[in-house]
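Report on the following structure.
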Amino acid sequence: MKHPIRTSAEAFEEHIPGEILKERKAQSSEEVFVQILSRRQIQESVIIPAVPEPLIVWIMSGEAIVEERPLGGEWLSNSVRAGDFFLTTALEPTELRWRADGKKPFQVMHVYVGLALLRQIVAEVLNKSLPDFSLREVSGETDEVLSELLGYLSRELHDQKKPSAAYIQGLAQMLTVHLVRTYETAILQPNVMRGGLPAFKLHRVFDVMRQHLAEAFNLERLAQEAGLSEFHFSRVFKQATGMPPSRYFIRLRMEQAKRLLCETDASIIDICLAIGYSSPSHFSQIFKKETGVAPSDYRGS
């Protein structure tokens, strides 16, 4: 059964790629940034930004066929289930799509390992500097030690009314030691240390975008949220996502429109207004450009 449209900020928090169930930093945002998300059963496309920190994506619940590719590249498919994980340090943003089997909720944990913590552990464990160290890419593998540590982390976030920052920090340190010992790979060419927005800042910008989907795009507000000039912010945002901030904002609007078309009985005019378009014809034109079909056809598909 479809539901009426909601135009509150809370409704927009449910935009694709999924609802954020928990979000947490350790004592320092440079140490670890954690998100637990409830994913949709079917996802056409979502961009995983390229950020300076290594990213672990751990499947907490459910099974799915997950496909990934560099933007514009060839799709590679993996069948994943609870306990599997991905590890990426990609210099370029990655595009994902998936289809879950629907038997269980499809929930994932994202863990960004801060560069300050990684630098400390690499020096302590390997006696190396960070530019001389590299992690290998992992897609849909299992690791019992990693799963045990992430299980502790997820339970701390889920079960405690006030999760302990010190406990999360300790787990982050153990997790980073395990990554460094287990997934180091040879550097075939000089390691490029990435700049750009840290993960927690980038996701804060995404949050601001979601909260203001019904308003005109405001580059100044986003740059202030990131603590950068508009020029510098635009550059590092494109570095992370593969597109300018204004283009990504349109993408979020269209993803919200798709959700509302599929999950509510709202009229196309109401949906148009809810995501900031005053002209239904302009909205339909942009929607068709993004998806290849008109809003009415998308709803009927």
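None of these values were measured; they are calculated from a predicted model.
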*Would you call Arg253 and Glu290 a salt bridge, taking side-chain N to carboxylate O under 4.0 Å as the test?*
no
- prompt: Regarding Glu68 and Thr94, is there a side-chain donor-to-acceptor distance under 3.5 Å anywhere?
  reply: no
Glu53 and Val113 have their tightest heavy-atom pair at CB-O, 3.0 Å
(message) Within the 4.5 Å heavy-atom criterion, are Val138 and Phe85 side-chain neighbours or not?
(response) yes
Scan side-chain atoms only and decide if Glu137 and Thr89 contain a donor-acceptor pair under the 3.5 Å cut-off. yes
Under a plain distance cut-off of 3.5 Å, with no hydrogens placed, do His158 and Arg155 share a side-chain donor-acceptor pair? no
In short, His282 meets Tyr277 closest at the heavy-atom pair CD2-CD2, 3.7 Å
ask   = Is there a donor-acceptor contact under 3.5 Å from the side chain of Ser147 to the main chain of Gly83?
value = yes
Any side-chain heavy atom of Tyr112 sitting closer than 4.5 Å to one from Ile56? no
Between Met109 and Leu153, the two heavy atoms sitting closest are SD-CD2, 4.1 Å
(message) Once you measure the plane-to-plane angle for His203 and Phe206, does it fall in the parallel (<30°), tilted (30-60°) or perpendicular (>60°) bin?
(response) perpendicular
Open item on the list: For Pro105, is there any backbone N or O sitting under 3.5 Å from a side-chain donor or acceptor partner on Ser61?
Closed with: yes
Nearest heavy-atom approach of Trp58 to Ser154 is CZ3-OG, 4.2 Å
Heavy-atom nearest pair, Met254 first then Phe287, reads SD-CA, 3.6 Å
Should the pair Glu156-Lys162 be classified as a salt bridge under the 4.0 Å nitrogen-to-oxygen rule? no
* **Whether Asp84 side chain and Arg81 backbone form a donor-acceptor pair below 3.5 Å** => yes
Is the distance from the ring center of Phe249 to that of His212 below 6.0 Å? no
May I ask you to decide if Glu220's main-chain N or O and Asn218's side chain share a donor-acceptor pair within less than 3.5 Å? yes
Between Arg299 and Leu261 (side chain of the first, backbone of the second, donor and acceptor by atom type, cut-off under 3.5 Å), is there such a pair?
yes
